[in-house]
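Order of the sequence lines sets the chain letters (A, B, ...), proteins ahead of strands, with each chain counted from 1.
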Amino acid sequence: CDIRNLGYEEKRELLATIKQARAFITAMVFQDGSSQLNSEQVLTSSVKGIVVLVKSQTKCLCSPSNSSPAYTWDACNQNDKLIYLKTEWSALWKQEDTHKKYVGQILFQMLHCKVPVICFNAKDFLRTLLAVYGSEISWKQVADSVVLDPRIAAWLINPSDTVPSFECLIQKYFEKSFSMRKVSTNTGFLRNALYQNVGLHLEKLYNAMMDLAHDLQVQGLWKVFCTLELPLIKILAVMETHKIHVNKQELKKTSEILGMRLKELEQEAHQVAGEQFLVTSSSQLREVLFEKLKLHTLCEKIPKTEIQQVESTSEAVLNKLQDLHPLPKIILEYRQVHKIKSTYVDGLLTCMKKGFISSTWNQTGTATGRLSAKHPNIQGISKHPVRIIKKQYIKGKEEEIITISPRTFFVSNKGYTFLAADFSHIELRILADLSSDPELLKLFQEPETTDIFTTLASQWKGIPSEQVKQADREQAKRMVYSVVYGAGKERLAECLGTTTLQASQFIDSFMQKYKKVHEFTKMTIEQCRNKGYVVSIMGRKRPLANINAQDYKLRTQAERQAVNFVVQGSAADLCKMAMVEIFTSVVISPTLTARLVINDYKMF
DNA sequence: CTAGCGTCA
DNA sequence: TTCTTGACGCTAG
């Protein structure tokens, strides 16, 4: 029914029905007539309304029976109601206002009565709810609701495929029991055939969710689903509704400085090349370097590009050519500055809306259980400051070196401060725990007087820990992970800047010192071979089909992925646990009014 | 080594 | 011409 046509009494009745409902299945309908259940979700179209299937009877959520193939829409929905909530209002009509209030009441009730709300892409649903009814429905109330998202369930069962759409999900989960016969519904609730179609989809969605819930339980994924992933939906929805202020003036200023520097570098390049050319074009650069200057004749062979079979102008090549001519160095700096400008400065500016940014979080975007973000990818914003030479033409010809720290562009609200809470060396700790390696455990048992990678670096390089530089520490860190996850000696040598012999010696000594780590990796690979999948601490799974492949390359990659998943996936488990716990304590606390902005593994 | 995203050629 | 892909840059361990 379309609730706009209800009288007072009927409205009261509907609210009562909602209070006693056993489940809600919802989908947003967009301006262009598409819904959340259409294959291509266009977020350019604004939300027109919400279709809700109110279920009065449900199959038990906790122990769903195998979905019977005969189960059809009209077989079991005598008491179910399909309602349409219009959420767009043209003007500030009085009539519309009362309508808005009533819709708000219904939505509030749906969230409040702790009955499962099933939605494909539930995060988007909650976010629009917060956007439209932000004044009536606070994020704390959203936090109390019980939402289920079948897409996340499907991802948990197989994190390698991300299920692009509702239709894909249905196809995947009903090819086995594809007896969903087309039902002509004569309930007469909706005049519009489009919404009946949506109703049918919602019914399918419900059944899919029930099936998925069953699968999750069978596979031991139910706990991860309920305690980590479901609460996280709400957290991410709240995170996306909060915005971070960005210093636009500073951003524009640095964009100009970087632009000036690029112009200078371009001119310098033209000067030393003796001609004008497009510095961003690798083909033109190749012409200058090899056909005009013939630098390849002065040094060892230049690697060729894969497809075109022409001389490469990659960073590695330019590094080798540095001593032969001034041009390569200029190009290298140009590329670095260009990268900074386009990604961290201009890129951030394009993400801005009214001086603020807010990332979109993807819960099902990784195979390891970690989160990913985009527009901007806030997790990928450079941590380290970059030095840029700024030439001051105004006050004479002084040169000034300025440093750009991309993270300083974010500013906290007045009276608030960003708080970063970071697990220290979480993957290494997990590795120590899972392998029970005595040496590794010993490292963590001592109080944290010195940083673990600093200690490691001092051991490795044979220098006192006070002399270990930040760069040494970073190198030691990368190296440890490389070795743990099965890097070859060539790759490690490249990473360390040493000979392959030294690298292989280091791998040997690492394995010698941390014997149980090696045992652990062997064991997880072995278990993966037997079961076909690996499991994290909280029971998150990753099937690895190639673990028994004939092809050496594929098989060894699967082996590295297996080890990596157990550690990285477990780290993701713990980080998500932390997010959920922090969120709940903020929600129930009357004093903590903090607005959460949580980076994957850090919280600002 | 393993995960991502953004920017090009 | 526009759209897609693989390399490389950064991030997180």
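- Using a cut-off of 4.0 Å between Lys/Arg side-chain N and Asp/Glu carboxylate O, A:Arg127 and A:Asp124 are scored as salt-bridged.
- Of the listed nucleotides (C:dG13, B:dT2, B:dG4), B:dT2 has the atom at the smallest distance from the side chain of A:Arg560.
- To the nearest angstrom, C1' of C:dC8 lies 12 Å from CZ of A:Arg491.
- Among the nucleotides C:dA12, B:dG4, B:dG6, the one closest to the side chain of A:Arg407 is C:dA12.
- Contact annotation: A:Thr343 side-chain N/O to C:dC10 OP1/OP2 distance is not under 4.0 Å.
- The side chain of A:Arg335 contributes no N or O atom lying less than 4.0 Å from OP1 or OP2 of B:dT7.
- To the nearest angstrom, C1' of C:dT11 lies 11 Å from CD of A:Glu474.
- Atom pair A:Asn546:CG and B:dT2:P shows a separation of 13 Å (rounding to whole Å applied).
- With C:dG13, B:dC8, B:dC1 as the choices, the nucleotide that has an atom nearest any side-chain atom of A:His338 turns out to be B:dC8.
- Taking atom CD1 on A:Ile426 and atom P on C:dG13, their separation rounds to 9 Å, with Å as the unit.
- For A:Leu262 and B:dT7, the CG to C1' distance is 14 Å, given to the nearest whole Å.
- Between A:Lys374 and B:dG6 there is no side-chain N or O to OP1 or OP2 distance below 4.0 Å.
- Under 4.0 Å is where a charged nitrogen must lie from a carboxylate oxygen, and between A:Arg473 and A:Asp451 at least one such pair does.
- Minimum atom distance to the side chain of A:Lys383 is reached by C:dT11, of the listed C:dT11, B:dG4, B:dC1.
- The interatomic distance linking A:Ile357 (CD1) with B:dC5 (C1') rounds to 14 Å, in whole Å.
- By the 4.0 Å N-to-carboxylate-O rule, A:Glu439 lies close enough to A:Lys442 to be salt-bridged with it.
- Distances from the side chain of A:Lys339 to the nucleotides B:dC8, C:dC10, C:dG13 place C:dC10 closest.
- Ranking B:dG4, C:dG13, B:dT2 by closeness to the A:Gln557 side chain, first place goes to B:dT2.
- Checking B:dG4, C:dC10, C:dA12 against every side-chain atom of A:Ser382, the shortest atom distance belongs to C:dC10.
- Atom CD in A:Gln568 sits about 16 Å away from atom P in B:dC1, given to the nearest Å.
- For A:Gln561 and B:dT2, a side-chain-to-base donor-acceptor distance below 3.5 Å is absent, hydrogens and geometry of angles not being considered.
- Residue A:Tyr344 is in sugar-phosphate contact alone, with no base atom involved, counting any heavy-atom pair closer than 4.0 Å across all strands shown.
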For residues 529-539 of chain A, run the donor-acceptor check on the side chains, cut-off 3.5 Å, and write out each pair with its distance to 0.1 Å, sequence neighbours left out.
unit_1   : atom_1 : unit_2   : atom_2 : d
A:Arg529 : NH2    : A:Glu559 : OE2    : 2.6
A:Asn530 : ND2    : A:Glu526 : O      : 3.4
A:Ser536 : OG     : A:Arg540 : N      : 3.1
A:Ser536 : OG     : A:Asp573 : OD2    : 2.5

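- By the side chain to side chain donor-acceptor pair (under 3.5 Å) test, A:Glu427 is found to be paired with A:Tyr485, residues two or more places apart in sequence or in another chain being considered.
- Across the protein-nucleic acid pair, A:His375 atom NE2 and C:dT11 atom P stand 20 Å apart, rounded to whole Å.
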